[in-house]
Structures are given as structure tokens and as C-alpha cells.
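Working notes, beginning with the structure itself.
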Amino acid sequence: CFIHFICAFFSFFFFICFFLMIRRPPRSTLDRSSAASDVYKRQGIDISIDYRRSEPGGSFFSRGNNFNFGIENNILIIAYRIENAKGGSEIVKERTNYEIPDDPLYRTYRFIYSPNSGKAEIFVNSVVVWSHQGPGNAPLSWKNAGNIVIGKNLNGNGVDKAILDNLVIR
């Protein structure tokens with residue numbers, strides 16, 4: 001009789017603990033409203049992503065009209081907005097001279113903007129393929145930037161193969 005009591009007690013105890021564990025809200029959740037978060041409103045940025053070309057255009061990383069790092073007609077492109085000394089903003093929008101090869105290899109594409117120096121660079125496999133020197137002390141402008149989109153218009157041409165990998169944003 002005592003053993004049945006102990007078994008019943010522990011069964012009830014484990015049931016209650018399991019029920020509370022299921023009903024407990026998670027300790028941390030992902031903030032899905034990225035546009036409202038100050039984490040994504042940095043003065044400078046360093047984005048790195050591995051990409052295997054499968055279409056002629058799309059964005060690796062974009063945020064409204066304020067930022068776009070991607071490809072257009074097989075050429076790397078960049079567009080970003082910086083704050084100017086008058087309190088407004090200016091946009092830098094350029095096509096590089098780098099054509100993304102049409103082969104099955106992943107390459108690492110990286111964009112770095114330093115607000116202190118005003119220098120922006122794009123690297124492919126650690127080699128500089130584009131550079132721009134803007135005014136120093138010019139942070140990126142994220143005013144009314146909207147949501148972050150990763151892989152906009154990149155669908156792999158409908159082929160069941162990964163085209164993006166190793167995204168790092170600093």
C-alpha cells in the first residue's frame with residue numbers, strides 16, 4: 001500500500017511539473033519586429049554572406065530604400081544612406097565592376113562601412129572589388145528604413161539547392 005502511495009505521489013508530481021513546463025512561456029523569444037530594434041540601427045555595418053549564383057538579380061541584405069547589398073544583371077551593387085553634416089541624408093548607390101561568375105561555387109561577399117572614416121568596401125573572397133571614400137564622421141541613416149529582408153528576390157531559380165550560407169552581420 002505504501003509503495004502504491006509513493007508511485008501515485010510521484011506520478012502526480014511529474015504530471016504537475018510537466019504541465020507547468022508546457023504552460024510556461026519561453027524565457028527568451030526572437031524579436032520579429034526588426035525595424036523597431038536599435039540593434040539594427042548601427043552607425044556602421046559589416047555584412048558577410050556566402051552565395052552561389054543562380055539568378056541574375058536580387059538582394060543579399062536590404063532594408064527599405066535605405067540599404068541594399070546584392071546583384072543586378074549579374075553585377076554586385078550597393079546602396080546605402082548616410083547622415084550629412086546639415087542634418088539630412090545622402091545616398092550612395094553604385095554598381096561595381098565585379099560580375100558574379102555563373103558556376104556552382106560559393107563565394108564570400110562582404111560589405112564594410114566605417115562611419116569614422118567614411119570608407120566603404122566590398123570584398124569577394126577577401127579581395128577588394130569596390131571601394132568608396134565618403135566624408136568622415138558620417139553614420140548610416142536608418143530613419144524610416146523599414147524591415148530587414150534577407151535574400152529578397154533570390155529564389156534559386158526554383159532549384160532545390162542552397163544558394164545562401166554563413167550570413168554574419170556586425
Side-chain angles (χ1 to χ4, degrees), residues 26-83 89-170:
R27 291 186 181 145
S28 67
T29 58
L30 293 174
D31 180 8
R32 298 200 194 301
S33 59
S34 61
S37 176
D38 287 338
V39 171
Y40 301 113
K41 296 179 182 176
R42 306 280 180 163
Q43 293 185 356
I45 198 163
D46 182 344
I47 300 172
S48 175
I49 191 164
D50 293 347
Y51 174 70
R52 173 173 42 191
R53 184 179 139 191
S54 63
E55 59 252 308
S59 298
F60 304 135
F61 180 96
S62 63
R63 187 158 186 205
N65 293 326
N66 288 36
F67 193 93
N68 183 29
F69 177 37
I71 53 178
E72 183 178 281
N73 297 321
N74 304 319
I75 303 292
L76 277 175
I77 59 165
I78 186 65
Y80 58 96
R81 190 177 298 273
I82 57 172
E83 295 178 8
S89 64
E90 300 171 12
I91 191 156
V92 176
K93 184 176 182 178
E94 292 196 26
R95 288 173 49 100
T96 68
N97 290 324
Y98 183 82
E99 183 173 353
I100 296 180
D102 189 9
D103 60 25
L105 301 177
Y106 277 103
R107 288 176 179 78
T108 302
Y109 298 94
R110 185 175 183 189
F111 172 76
I112 300 174
Y113 176 74
S114 172
N116 295 335
S117 66
K119 187 172 186 176
E121 293 178 304
I122 295 177
F123 300 83
V124 177
N125 291 342
S126 301
V127 176
V128 176
V129 297
W130 176 85
S131 181
H132 175 79
Q133 183 61 58
N137 297 316
L140 291 171
S141 174
W142 299 112
K143 186 176 181 181
N144 300 321
N147 292 328
I148 291 172
V149 180
I150 308 295
K152 183 178 180 180
N153 297 325
L154 295 176
N155 64 8
N157 279 337
V159 177
D160 191 20
K161 289 184 181 178
I163 59 170
L164 298 175
D165 200 5
N166 300 323
L167 172 65
V168 178
I169 304 168
R170 295 181 225 156

With sequence neighbours excluded, residues passing side-chain contact (heavy atoms from CB on, under 4.5 Å) with Ile91: Arg81

Residues that Tyr98 engages under side-chain hydrogen bond (donor to acceptor under 3.5 Å, both in side chains), provided they are two or more places apart: none

Contact list for residues 52-61, test salt bridge (Lys or Arg N to Asp or Glu O under 4.0 Å), sequence neighbours left out: Arg53-Asp102

Residue pairs, two or more places apart or on separate chains, that pass ring pair (Phe, Tyr, Trp, His ring centres under 6.0 Å) and touch residues 136-170: Phe67-Trp142

Qualifying residues under side-chain hydrogen bond (donor to acceptor under 3.5 Å, both in side chains), relative to Asn166, sequence neighbours excluded: Asp50

Residues in side-chain hydrogen bond (donor to acceptor under 3.5 Å, both in side chains) contact with Asp46, at least two apart in sequence or another chain: Arg110

Contacts of type ring pair (Phe, Tyr, Trp, His ring centres under 6.0 Å), residue Tyr106, not counting sequence neighbours: none

Sidechain-backbone polar pair: Thr96 side chain, Leu76 backbone, donor-acceptor under 3.5 Å: yes

Heavy-atom check, side chain of Leu167 versus side chain of Ile47, under 4.5 Å: yes

Separation between CD of Gln43 and OG of Ser114, rounded to the nearest 0.5 Å: 10.0 Å

Mind listing the side-chain donor-acceptor pairs of residues 125-140 below 3.5 Å, one per line with the distance, residues two or more places apart or on another chain?
from	atom 1	to	atom 2	distance (Å)
Asn125	OD1	Thr108	N	2.8
Trp130	NE1	Glu94	OE1	3.0
Gln133	NE2	Ser117	O	2.6

Minimum heavy-atom distance between Ile163 and Gly156, given as atom pair plus value: CD1-N, 3.7 Å

Residues, nucleotides or ligands: over 12 heavy atoms within 6.0 Å of Asp103 CG: yes

Exercise: identify the closest heavy-atom pair between Ala79 and Lys93: CB-CG, 3.9 Å

Asn66 CG to Asn144 CG distance, which is reported to the nearest 0.5 Å: 7.5 Å

Interatomic distance, Ser48 atom OG to Arg170 atom CZ [nearest 0.5 angstrom]: 7.0 Å

Enclosure of Asn74 CG (heavy-atom neighbours >12, cutoff 6.0 Å): yes

Nearest atoms (heavy-atom pairs only) where Arg63 meets Gly146: NE-O, 2.7 Å

Ring pair (Phe, Tyr, Trp, His ring centres under 6.0 Å) partners for Phe60, two or more places apart: Tyr51, Phe69, Tyr109

Pairwise ring pair (Phe, Tyr, Trp, His ring centres under 6.0 Å) hits with a residue in residues 148-170, at least two apart: none

Minimal non-hydrogen separation, Gly58 against Leu154, with atom names: CA-CD2, 3.7 Å

Ile150 and Phe61, any side-chain heavy atoms less than 4.5 Å apart: yes

Residues that Ser54 engages under side-chain hydrogen bond (donor to acceptor under 3.5 Å, both in side chains), provided they are two or more places apart: none

Pairs where residues 140-155 contributes a residue and the test salt bridge (Lys or Arg N to Asp or Glu O under 4.0 Å) is met, not counting sequence neighbours: none

Minimum side-chain heavy-atom gap Pro104-Lys161 below 4.5 Å: no

